[in-house]
Amino acid sequence: MSGAIIGVESTAHTFSFGVVSKDGTPHKSYSALYRPQEGGIHPREAADHHSHLASELINSLLENEKLQPSDIGAIAFSQGPGLGPCLRVGASVSRALSQKWNVPLIGVNHCVAHIEIGRNQTGCHDPVLLYVSGGNTQVIARAGDRYRVLGETLDIGIGNMLDKFARAQGLAFPGGPKIEKLAKEWHIQNPDADIEMISLPYNVQGMDLNFSGLLNAALQRVVEGHDLGAVCWSLQEHAFAACIEVAERALAHTGKSELLLGGGVACNDRIREMTRIMCEQRNCAGIWPEKQFCIDNGTMIAELGRRMLETFETTEFEDSEINPSLRTDHTIVTWN
Ligand code: AMP
Ligand code: MG
């Protein structure tokens, strides 16, 4: 696999190493998830978790993918956005590997990497991306030389909202898949359920979203004695419908005809179903990568690194500092 690009992801809970071959074939990522004992993510504890596991993960990748140092053409890493202490671990490891193997370093924009792995996986060309993850919720599309944020959450990310709701019910991180399971099981028992039975606020302002009010109201419904499965179902229906509404408006405004899902919440069968229904009605394509490439992963960082390397976009050591508040539209898109 000569000229392979290694990608290092460390924006938050996930520390992950992945590889993409020179021709763009993505391989599996080798990842570890920091799970807080209690409460939400503690950035310094997450960073300690990542640094303890760095050599184990990189060795697993090299051994399992049968990579020799001479096979490696570049190291790409998440430069932002994310939590400073976590990003710093990934950046330091990447600088060290780049020096050890004498290959270029490429600092990449994590949000843009979700788009590029989606394009790689699905073959879509010029999509609107509905990026629904733990820390981020954005609707993104390319205009000119940038991926522009057309709409986004004004408070917390949708995944973070699901994780907070789950945690309050005693369900460990990550909460999203547990809420999905409870909602699915409840809906099978209650196929004629009416959304008005468990009413929750629906918050879309133009192209923007917010989730705190929805979270607080859902917590209240449980306190009021509603069945947890019913509240999970209604919570998903409201949160996903709001995202799909903004994504549909983005398709209408931009005239684009592909809606790509990305981020961990894109693993959810219900948001995929809503995407499919809306896209069928609009005569658009609704698409998403495999689950392993929806959640944060090193392979997507490698794929964006590969695209940047095609246009000789590498990062000098002195420009390789992390940027926790890097915006999606900061990155100039030099590749096709
Ligand atoms: P990411 O930040 O992209 O790595 O994604 C992690 C987030 O995705 C967490 O908030 C998870 O709870 C959420 N998540 C993962 N799988 C699912 C699922 N099946 N349904 C809803 N949310 C999910
Ligand atoms: Mg992400």
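Remember, it's 1-based here, ligands and their atoms both numbered in the order they're listed.
The ring of Phe173 has its center closer than 6.0 angstrom to the ring center of His13.
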Less than 3.5 Å apart, N/O on ligand 1 and N/O on the protein: could you list those pairs with the distances?
from	atom 1	to	atom 2	distance (Å)
ligand 1	2 (O)	Gly134	N	3.0
ligand 1	3 (O)	Gly264	N	2.8
ligand 1	3 (O)	Asp296	OD1	3.3
ligand 1	4 (O)	Asp296	N	3.1
ligand 1	4 (O)	Asp296	OD2	3.3
ligand 1	5 (O)	Gly264	N	3.4
ligand 1	10 (O)	Gly159	O	3.3
ligand 1	10 (O)	Asp163	OD1	3.4
ligand 1	10 (O)	Asp163	OD2	2.7
ligand 1	12 (O)	Asp163	OD1	2.7
ligand 1	12 (O)	Gly176	N	3.0
ligand 1	16 (N)	Gly264	O	3.4
ligand 1	19 (N)	Glu180	OE1	2.8
ligand 1	20 (N)	Asn268	ND2	3.0

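Using modelled atom types, one finds a donor on one side chain and an acceptor on the other under 3.5 Å when comparing Thr11 with Glu9. No hydrogens or angles considered: nothing links the side chains of Thr331 and Arg146 as a donor-acceptor pair under 3.5 Å.
The two atoms that bring Ile271 and Asn268 nearest to each other are N-OD1, 3.2 Å, heavy atoms only. Leu260 and Ile115 make their closest contact through CD2-O, 3.9 Å (heavy atoms, listed as atom of the first residue, atom of the second, distance).
Tracing side-chain contacts under 4.5 Å through hydrophobic residues (I, L, V, M, F, W, Y), one reaches Met300 starting from Val333; they form part of the same cluster.
Around the Mg ion (ligand 2), the protein atoms of type N, O or S found under 2.8 Å away are His110 NE2, His114 NE2, Tyr131 OH, Asp296 OD1, listed by chain and number.
Taking the side chain as every heavy atom from C-beta outward, Arg142 and Asp126 approach each other to under 4.5 Å.
A cation-pi arrangement, defined by a distance under 6.0 Å to the six-membered ring centre and an angle within 45 degrees of its axis, is present between Lys28 and Tyr30.
Salt bridge absent: Arg270 and Glu180 never bring a charged side-chain N and a carboxylate O closer than 4.0 Å.
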